Amino acid sequence: MPQWIERMLHAAFSSIDMLAWFPENISTYGKELDDLFKIIYWLCVAIFFLTFGLMGLFMIIYRKREGHKAYNYHGNNVVEITWTILPTMLFFGLGLYSDDMWQTTKYSARVPKADVEILCLGKQFGWYFLYPGADGKFGRNAYNDESARELMSLTNPFGRDTTDPNGADDFVTENQFTVPMNADIVVRGSAIDVIHSFFLPHARVKQDVIPGTWMNIWFNLTKTGKYELACAELCGSGHYSMRAVYTILSPADYDKWLDQKNQESLAIRGLLPTAPAAEATSDSTATAEETSETENGEQ
Amino acid sequence: MSSALNLAHEPLTKIPSGKLAMWAFLASELMFFSGFFGAFIVLRSGNYDVFGAGSAMLDWKLATLNTFILIGSSLTMALSIYHLEKKNNNMFRLFIGLTTLGGFGFLIVKWIEYSAKFHHGLFPGQEHHTLFFSFYFLMTGFHAVHVIAGMIPMGYMFFRSFSKDGYPYPWKVETLGLYWHFVDLMWIFIFPALYLMIPYHAAVAGH
Amino acid sequence: MNTTAAALGVHADHVGANEHAHEHHHELPWYRKYLFSTDHKVIAKQFMISSFFFLFVGGMFALFIRWQLAYPGQPIPVIGHILPDTWVTEPGSGVITPEFYAQLLSMHGTVMVFLVIIPFATGMFGNFCIPLMLGTDDMALPRLNMWSFWLLPPGGLIMFAGFFTQTGYAGAGWTSYPPLSALTQFPVFTITGQTLWLIAVFLIGFSSILGAVNYVTTILNKRAKGMGLFDMPLTVWALFITAIMVTLGTPVLASGLAMLFFDNFLHTSFFLPDHLVSATGHGFEVGTGQPILFQHVFWFYSHPAVYIMILPLMGVVSDVLSVFSRKPVYGYKAMVFSLVGIATLGFIVWGHHMFQSGMNPLLGTTFMLSTIVIAVPSSIKTFNWLGTIWRGNIHFSAALLSALSFVSMFIIGGLSGIFMASAPVDIFIHDTYFIVAHIHYVLFGGSLFGIFAGIYYWYPKMFGKMLSETWAKRHVFWSFVFFNGTFFPMHVLGVGGHMRRIYDPNVYDFLKGMQPMNEFITVCAIGLGFTQLILVGNIIYHIKYGKKAPRNPWNANTLEWAAPAHPGHGNFDRDITVYRGPYEYSVPGRELDYWPQWEPGKSISVHHHTVAVD
Amino acid sequence: MSDHANPIPSYMKVFYALLSLTVLTVVAAKLLEFPHSWGTPGDMLHVSIGVVIAVVKVLCVMYIFMHLKFDSKLLRAFVAIPVALFIAMIFGLMFLEHFSYTH
Ligand code: HEA
Ligand code: HEA
Ligand code: CUA
Ligand SMILES: [Cu+2]
């Protein structure tokens, strides 16, 4: 058998166990979401076997036989009502059961107090992240002040007001971000040109980010490592390549990383006398002021 | 062959098919405009000042005049149907003519309004338009298109009424009448929405 | 004599044998007869031809898509080198570009939805079935009917003309969300593929509104003598409900398209927020539009639209199952009410496409509950279909097999809908191949198999000839096999997180393991495409060489089978009076296992059975 | 409808009613021009007066000019469906935009 056929058939057969294909889950609520998926999955498997079983059975038993006549019967209201009410109850149960999880993940009121707060912007075709820097406070920008939207431009996507002292130590990273493990991370997401979607497959997070509005996205990750961020909303020809990576560090490592970033960004601004040499970045759009994100060893 | 058969019978609902279809079509027209109104409501709330300032720049006197014209032409339309049903061709001609004239009058006033706006550099969708004027041109523009679309068959009926036996199809006029009243009806909503609901302070501050 | 012929119903086949004599009453010029005909049957065939054409085009687009996904970076065989080296293929290599990929999938979705399934379902079946099944001579407004078809081909042409603009076809998905679909790097008044797309869909929408208005009128006004609303076959009921949905839903889409058109063409900002930043776009200072608003408007129509695409086929399938099981439809009234239920609920669930869109999550909760509720009428239908074949005497014709495929594939597609209806589960699977699998299970496995069933069932009446049952069954069988091979694995891709609308999944590490599955899908898709040639060949060959069809080849009850085998203008050669409902099969006390609606006779109803009395 | 009594008086009545309602809505709007912003009682009042008058006018047109008064119940029911949907949609949207965004 040619190898490609073998490969394909193997793929086809291994697809039967659908649940095994989930990417590894690394977020706190991810497990609940997966479990809900599995509940629905087994429910559907049961319904599948029920309906297909009946259909197959009927096709065999009631296939055409000479001299046999079908049963003239127009239906029965009791039966009809039963199979209306049963699914309704089932479905309502499902809906109510789902709703709590939905509220946890999306309701603004349920967004936890942020341990780490990051702003995120999607653009064609990449991602920017803004950290509040050493003081833990964002300066004036398009997120916290509507009127700063006027400052937004390709080189200053967050509309940062450079005159605001709070913002002096804010720093931007491009196509990558770093977060600590076991912390409630809140990302405020938006976009500057078209709609993008902030998708962390392993963390079971997905939220469209829309120009002109800011979305609250939160998650809490349970593992260290390096994972991928994808854009999940068609945003033009480069949609497929709108990828970013994120690194999850242990809290201690994260603090170290943060210190280092702060040093770097302050150095670039000439606020610190000694500066670790910042490597030139490969991306062309952001100015030196904005792109202090050069990560040693990343990628 | 079907004439001998019982297939082509009276409409079951007793409503002539053309009329029923027109009502169905108007239902669909209503939903068409409701898309605009829906968007208008949503965006007005987010851009209150822009809408106020824009609305204050419109000429509500001309619009009121136009409202009167349209109401008048609705009346003459109704009267023309009445007279055609009474086989009174002369009166029909008079009133359908007046209705057409009303349509023209409406468009002329509209044109005066538009050219004043163009004169002030307000075009749909140029760099310095405001969202309000996008709506203004969108809604009044589509409404004007409907006026024109109604005037074409109306003019045709008017000219046909000069022929020897007059205009022969009362039910067609009635169907057209439904459409024409609908055009009036849409204007009844557009008029206050665009011209009247102005926040006063924005009107002063915005200009 | 007339009455006896009528009374004998189908036994009077010889009466219709020389029915063609009637056709030469008044000869029309050829273009009035075939092109600008007002005869509903001709218009139905026109819809059929154009839909098949577009199915072919849309299917070809799908195969390009599949090729790229399975063999990224490899030139398309044969066609790759014919395609121009602009934005279509990478210069000199025959590999499609990311731009072209986005355009392909947008055009694939649009063509399939607006130019294939909707015209097939409402245009073809609506035109063919309504007057015949109502026992009347034509639509209420035949001229309008003609226009409703003739707006469609220009729409298609305008859409395809996008190929010749600077940027090519529209490339923002069939959903065309702004700002993507509104931002262009060109000044105002520049026509791009997206502009043409907007105009085209507007025209097509207008076409379906005109058709729907006509259907509503015809069904209300022109039923045969004695036919109450509850004596109508379910196909007609389904088309009736569908027409109402079209009348009320499509114009809302049209208004959204109009606004988007102005954003795109005149640079207004209905759907664009202020201070957009992009290398090519235009920023506004005056007034903030809202991108999500378009999504609301779009899905307000497009969710009902998915039911517009499947309801008529649900009707067709109910008819087919009943005829070939020789049994009344189980729970006729429940079937009608569930249609009404789906249609009504269909207007309040649109938000389930927007769970992750950033609308208020509170709305997510409401839409989740309403979406889950809409599955109830669907399950009523499913169980009633099963009830219909229960204790039947099932004739395994090609039509019945297609209908059963419809039911089974609709169950799978509907069940995958339940996953997405649960908003938290949708977080992960939204915009992944799980959705793509759902789309195709309901639209191909559902609607298209329903269309196959309808074609196999009504072909004899449409063309006066019989199809080859053997080839028809082969077609259904292989379609079924390849269909599942193509689309089932997509669920798995989706569970693996494979996003939809991506040009090259290998960019992502977590998707790398899925390449073999993509290849398997592509191979099956090619097989699926070729299988459709059997259908088209079968249809074309037997128009000429087919066996002459009898008047009522399936021994069915509904009124179209009272018409001559190949009805001419005016449809019927006998008076039609309706005496009973459409589904009186296997009535005790009768020798024959069917009892046509037009045949006089008395019956009583005892405990849900019908008994003939003399 | 030709078997009904002469409709001209009712046409004229509607005509005058429409004219006066137009005047009324303009006057009301002009009188109500005082500072207020969106969603405040002032704006609500302003909008409600405009909408209510418009609805009354539309009903007049539909009932008399468009002959719904003389038409069958069936047609009235037929017309009621889209009108209900229209109203539902308008109110739905008013509701929606109140809750639209998670800021
Ligand atoms: C014919 C077309 C059709 C039909 C009938 C349906 C039917 C349904 N659809 Fe589907 N849908 C589409 C076409 C269709 N859909 C398309 C084209 C898209 C994608 C658009 C895009 O983004 O491009 C989409 C997307 C889509 C989404 C958005 C997903 C996303 O983008 O994240 C959702 C979410 O809720 C959804 C849900 C449903 C549900 C609940 C049904 C229900 O009506 C299904 C009900 C049926 C059943 C449930 C099965 C039968 C019942 C039983 C056997 C009874 C027993 C069952 C139980 C007790 C569970 N659909
Ligand atoms: C009814 C609707 C319908 C149908 C039938 C199909 C049919 C097919 N679809 Fe499609 N599809 C959609 C509706 C449909 N699709 C929609 C709405 C989308 C979403 C678009 C978007 O994201 O915006 C989509 C998206 C979509 C994708 C996702 C693209 C992406 O997200 O990147 C893919 C990928 O595999 C795909 C594949 C296929 C395949 C292989 C077929 C095959 O089944 C096709 C097989 C058929 C043929 C190859 C043609 C048949 C041949 C003939 C009839 C020949 C005879 C005719 C003559 C000679 C005149 N489709
Ligand atoms: Cu950004 Cu897709
Ligand atoms: Cu939907």
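Remember, it's a predicted structure, so these values are computed and weren't measured experimentally. Heavy atoms only: backbone and side chains are in, while hydrogens, waters and symmetry mates are out. Lettering of chains follows the sequences in order, A, B, ..., and the numbering in each one begins at 1.
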Original post:
Do you know the tightest heavy-atom contact between C:M259 and B:G35?
Top reply: CE-O, 3.9 Å
Subject >> Between CD1 on residue C:I219 and CG on residue B:L20, distance to nearest 0.5 Å >> reply: 11.0 Å
**OP:** Hey, could you give me the CZ/CG distance between B:F25 and C:L210, rounded to the nearest 0.5 Å?
**Re:** 6.5 Å
**OP:** Just grab all the side-chain hydrogen bond (donor to acceptor under 3.5 Å, both in side chains) pairs involving residues 16-28 of chain B, residues at least two apart or on different chains.
**Re:** B:S17-C:N221, B:K19-B:E174, B:K19-D:D71
**OP:** Look at atom NZ of B:K117 and say whether more than 12 heavy atoms of other residues, nucleotides or ligands are closer to it than 6.0 Å.
**Re:** yes
Subject >> Part of C:F206 lying under 4.5 Å from any heavy atom of chain B >> reply: side chain
**OP:** Any chance you could measure C:L253, atom CG, to B:F32, atom CZ, to the nearest 0.5 Å?
**Re:** 10.0 Å
Original post:
What is the distance from atom CD1 of C:I209 to atom CD of B:E29, rounded to the nearest 0.5 Å?
Top reply: 8.0 Å
Original post:
Considering residues, nucleotides and ligands other than B:Y179, do more than 12 of their heavy atoms fall under 6.0 Å from its OH?
Top reply: yes
Original post:
Mind checking what makes side-chain contact (heavy atoms from CB on, under 4.5 Å) contact with C:F265, not counting sequence neighbours?
Top reply: C:F189, C:I191, C:T195, C:F261
**OP:** Taking all non-hydrogen atoms of both residues into account, name the closest pair between B:V42 and C:Q290 and its distance.
**Re:** CG1-OE1, 3.6 Å
**OP:** Give the member of C:V297, C:I576, C:L144 that has the highest number of heavy-atom pairs under 4.5 Å with chain B.
**Re:** C:I576
Subject >> Part of B:L30 within contact of chain C (heavy atom distance under 4.5 Å) >> reply: neither
Original post:
For B:F142, is it the side chain, the backbone, both, or neither that has a heavy atom closer than 4.5 Å to a heavy atom of chain C?
Top reply: side chain
Original post:
Would you say the side chain of C:F270 lies within less than 4.5 Å of the side chain of B:L131, judging by non-hydrogen atoms?
Top reply: yes
Subject >> Any C:F300 side-chain heavy atom under 4.5 Å of B:M31 side chain >> reply: yes
Original post:
Between atom OG1 of C:T268 and atom CG of B:L138, what is the distance when rounded to the nearest 0.5 Å?
Top reply: 8.0 Å
Subject >> Part of B:L43 lying under 4.5 Å from any heavy atom of chain C >> reply: side chain
**OP:** Any chance you could measure C:D263, atom CG, to B:S134, atom OG, to the nearest 0.5 Å?
**Re:** 7.5 Å
Original post:
Got more than 12 heavy atoms from elsewhere within 6.0 Å of OH, B:Y156?
Top reply: no
**OP:** Return the minimal non-hydrogen interatomic distance between C:V213 and B:A21, and the atom names on each side.
**Re:** CG1-O, 3.3 Å
Original post:
Considering only heavy atoms, which portion of C:A254 lies under 4.5 Å from any heavy atom of chain B: side chain, backbone, both, or neither?
Top reply: both
